[in-house]
Structure formats: C-alpha cells, structure tokens
Amino acid sequence: MKGKKYRLSKYTAGMLVCSALMLIELIGVALWDKFGPREHENAVGAVTVIFQLVMVGIVFFLIKREAERTGKTVGQAYKETADPDLKKRAKRYVFRATLGEVLRIAAGAVAALAFMILGVPLCGKAGFSAFFAGLLFAAALLTSVFIPIISSIYEGRLEKRIAAGEKISEEAPRGEMLRRLASARRKNVLLGAAVLILGASVSFFGGALAGVWVGWSTVGFILGAMITAADFLRFPRRKRGFARYVSDGEYPEIKKICRRAASEAGFHGRVELDFDSETYVTRLFDTVYVFLDAQILNIMTPEETYCLILREILAVSDDEYAAAETYYIGIISRSFETEFAEALAAIPFFAYTDLFYRKTYEQFDAAFSGEKEREADAVCAGKTGGELFVSTLMKRFYLDAYENECIGRDAVVFHESGERWKRHYSDFVAGFLAVCDERREFWNSLAKRQINDDPDKRSLVRDRIEAVGAEIPASGKIAPDMPDGYRTECIRALEKIDAVWAGSVNENDDPSVFLDGWESSGRLLNSGNYGAVISALISAGRTDEALDICLKAIASYPGETLFDAYYFAGNILLARYDRSGAEYLLRAAEIEPKYRIDASEQIKRFYREIGDADGLADLEAKYAERQIPTENGGSAAENGKNYDTEE
C-alpha cells in the first residue's frame, strides 16, 4: 500500500518554528556579545529577554491549544450530571488532579532554579571563564533544541512506515514481544533521565553566566524549567484516584464479590470499582480497576457476577502483560487528568520513542489478545465450573442480541416521554426482562448458528463455550433470584449510570422535542429534514413509523435521491432478521459514498449472526458487480440530489 505523505501537525510545526527562532536569536546575540560594541549591552540584553519571554508565551499558547484538542478532562460527564453528589465529587477530583499537576510543574521550576543557583558562583569560584561557561551553555541549549527536532523527524518517518502498512516488529512469540516492549520501556526511561540532565544543564550553565549577563540566566531558567517540568509530568502516580470510583461503604456486597474474584485470580493489590454501560477491567501498577456493566449486573446472580469479574481479572493477571499495559496507559496514552499537563508532557522530546512503543504495543495486543482471552476463559471455567461459566456468557450474549434487535422494534413505553432521558439504562433492562422469556429459545438457536469468517475477530460465544468442553443450553432462567441487599445495590448502580447519562445530554437532544415541532408544522418532509425525521423517529422508539416513511418515500420518488431512506430501512429490516434489508443497504451504498463501508459491515454482521456463509461469500461479488467502491468518496447530497414532498 502506498504511504500517505507525512505532514507535521500544526502543534509540532509551531513548536519547531519557535525553537528555531529562539535558537537563531540566541546565536545572533552570542555573536554580538563577542564582536559587537559594548555601549548597547543593556538594551540588547533587555530585548533578548523580552523576545525569549514572548517565544515562551507562544509555546505555552500552542500547548494550551493542543491540550484543548486532545480531549475532555477526566470526569467531564460527572461535572455535567444532574446528580448533586456526583457533581461535588467531580469538582473535588478535578481540583485535586489539577493541583497535583501544577505541583509537578512547580517542582520542575524549583529544580531548575536550584541548578541555576548552583551555577551562579561557577565563573568566579570554580575558575571557569565566562567564555567557557557560555560554550557549555550553548551546547546544552543546542541539544535541547535539536533533540525535539530529531525526534519529530523520526516520528514523521515512522508515521510514513505505519501509513504504508509496514510492521514495526516482525512476527514473534509472545515472550519475545514482551521482552521487546520491556526493552523499549527501559530506553524511554533512560531518555527521560537524559532529558532531566539536559534541563538541569541548561539551568546550571545559565546560572553560571548570571554574573556576566542576566539575560542568559533568564533564558536558561525558563527553558530549563520547561524541559524539567515536561520530564516530571511523564511519571504517572501509582494512585490514580479517579473521581468516579465508588467508596468501600457504598456497594459492600458487590465490592466483596470483586475482592473475592481478585483473590481467586491470585491478585492481592487494591481493587477499585465503578459502573459503566460495559464491563472491562484495567490493571495499573498494583491496582485493578473493575468497571461493571450496571445493565448486565441487574440480570445476573451474585455467583454469575463473581464469574464475570473473575474472568475479566484473569485476562489481566499476567505481570509482564500488565507492565506493558501500565506503561501504555499511564505514559504513552497520556492518561493525565489535566489537558495542559498532557500537552506539556508531549513536548516532542519523546515523540519518536512514544510512537514506537504505542504501535509496537498495539500490534502485540492485536496479535495476542485472543490467546490471552482464551486462556482466561479456560482458567475461569475450571475454577467456577462449566455450568456457571456458560450461564454468565449466555446472559451477556442475550443482552447484546436484544440491543441489536432494539433497532428494529418499537420501544416499550414504561413512563411519560419527558422522563425518557432520566431512565435510559433502566428502561433498557426493563425492556429486556419484558421479552427475554419469549426470545430466549431463538437467541439460543442464534448462538448455535453464528459463524466467524474473520480470524482476527474475538471468538463467538459458541466457540468460547465449546472451547471449555460445554454446550449452549436449550433453556435457562434469565431473571435471577437475588438477595435483597445485593438487588438493592444493583438497582442503585443502574440509577447511577442513568444519572450520568441524563447529565450528559441536553433537552434539545430529546427526539420528542424535534418530532413535536415537525408534527405541529404538518409533518412536512423535504430534502432538508427527512433524514433527521427518520433518525428522530428511530431514536424515540417509533420504529414502525420510521420504516413506513422510508418505504413510502422509496416507492414514490427517484431512488438516487433517497440514500438515507434506503440506509435506515435496511438497518431496521436487518434488525428484524429480514434479509431484504441487505438489498436496501446495498442500494444506499450504491448511490451514497458515505454509506459504502458501513453498509458492508452491517450486512456482514447480519450474515454472521444468522450463519449465512453463502451470503458472506456473495457480498464482495455484489459490490464488484454493482461497481461500488470499497472506500468512501464525496456525498451524493453534495451534488445537489434532493427531493421535496409531503407525507
């Protein structure tokens, strides 16, 4: 594959330009200091300091802009939530996190100041001439400028290699790949030590020139402080202290299950718990962070929850694997709590080494994550028994199947529409429990029919169950019998993520508001709103009505103008296990470039779910037969294709 032309980001380019201007200005001043007249020495010194301060100001502005681009502060959703307790906790957390990063930046400045003070008596007492001290200062300064430039150049070359599809590391056994990652970590730590010495040297030799010219000293302190602070910020704290983790007394029964699972997995460090809309576990240093899907928690027995958590902790129990992930998350992925610190730590001293580690780790994880997951399945099934392991897997599968089917069915209404956003996840669980008994037999048959044509994909539930020597059950009880205390905690966990969801959406996001306006205007459909109307109807759970509008429009107007109608109709029909939906999606891909890739993925997923190997084999041929490119291009809407009609 031909690699894309590499271009510096605006941030990197701006940093390099500022560094070059500072270097050019300092070289000019150094030449003037050596050969120029002395009568304007103070004026030149003042201009130098002002220029350097302006450049540093621009650098900090670039850092701030980069920080804003990199993402939101951790806990942003909690800051926006309607729950006053969560809002207070988030504010305290953000304050503590910001204070911690400010203190680490201040520590870099203090260290630079200390080295500058040590350098002040160098010229007079240590016998160094001002000229020799200046040479050392210039060497340290040049190094501090050229290391980021060289790092950025190699980062660009590495990005070109990645874009061209070239692997960073050759295929190797897992142990060898882990050793390579450990070696990369050691090299990055050594680079960090070198950068720290570099920042100290710039400050130290800048201080040595204080008696000759205060301007050099000021420049040395500013640059030395920035280099040192950026280096300090690369070291993550062992105690992360995210605001959203629950305290030990809030959910004692669920926390007890987490600790029991961690102990059974052989992990004896700290265990932190929180709730989310999916289940996953992350291990950093000596702490395991358990994120439990509050939806699935409400359909599982305590023993099934234990099995679920044990399985996830076993997947991160390998110490060497955990060390690789800790470094990836804690440093390479810039998991700092404040955006400014994240951007400051990204000053391009470490651009190449960080990119190298990130891509190597991602390739390693992609190559061996399946192996790691299968090992965790086998150990978990052995520790808990096949029946419990199977029931846990099947309940996760049932919930996923129901979520896919929700696209194609009208939503079950449990309350007034105005409460919809306040009970988003609770409604999902209630809807699932309302249909699970009648759908269970079909879902079991679906699990048995599924096929996996992509070896890179995670194993299907059928494959995972067969791998541990068990079978998919013909039936089974879904609604669990829960002890009262445990049930209360599960409901509270669901209410908690409901509150987070409610705080993250705006009233204007409620499709009912849009639909009320549309209906009051006479239900007019035109090229400017029909896609939005269909989307809002689906979001509001009025799927039958949305499909009816799509099919009527397709039957009445030219096909090339109705790409959204084809797309939404196709998705709804496939969610109802109606094969005709594939034809609608193909038509959407044929006339609208933005749907080409997504339509293919949706059809593939459907054929895999129903076990249609022939359909999978024919899909590529149909794309070729209709001359549908496999890459996105311009939009048909951009070419002026539209229609106007009333329902």
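Below, all heavy atoms of this structure are taken into account, side chains as well, without hydrogens, waters or symmetry copies.
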Distance-only side-chain donor-acceptor flag, [X] / [Y], under 3.5 Å:
{"X": "Tyr327", "Y": "Asn188", "result": "yes"}
{"X": "Tyr357", "Y": "Arg185", "result": "yes"}
{"X": "Tyr328", "Y": "Asp365", "result": "no"}

Problem - Partner residues of Arg260 under the salt bridge (charged side-chain N to carboxylate O under 4.0 Å, His left out) criterion, sequence neighbours left out - result: Glu303

Practice task
Please identify each residue that fulfils side chain to side chain contact (heavy atoms under 4.5 Å, CB included) with Ile197, with sequence neighbours left out.
Solution key: Ser201

Problem - Close side-chain approach of Tyr280 and Glu278, heavy atoms under 4.5 Å - result: yes

Practice task
On the 0 to 90° scale, with breaks at 30° and 60°, tag the Tyr361-Tyr321 ring pair as parallel, tilted or perpendicular.
Solution key: perpendicular

Exercise for the section: Take Glu176 and Arg179 through the test salt bridge (charged side-chain N to carboxylate O under 4.0 Å, His left out) and record every step on the way to the result. Expected result: CA-CA 5 Å; Glu176 176 61 26; Arg179 284 191 290 273; 3.2 Å; yes

Handout entry: Leu292 and its side chain to side chain contact (heavy atoms under 4.5 Å, CB included) partner, picked from Ile497, Thr279, Asp276
Key = Thr279

Exercise for the section: Check Leu118 against Pro121 and note the closest heavy-atom contact, atom names and distance. Expected result: O-CD, 3.3 Å

Problem - Lys NZ or Arg CZ of Arg157 over Tyr154 ring: under 6.0 Å, within 45° - result: yes

Problem - Test log, rule salt bridge (charged side-chain N to carboxylate O under 4.0 Å, His left out), inputs Asp354 and Lys359 - result: CA-CA 9 Å; Asp354 283 0; Lys359 299 310 295 185; over 6 Å; no

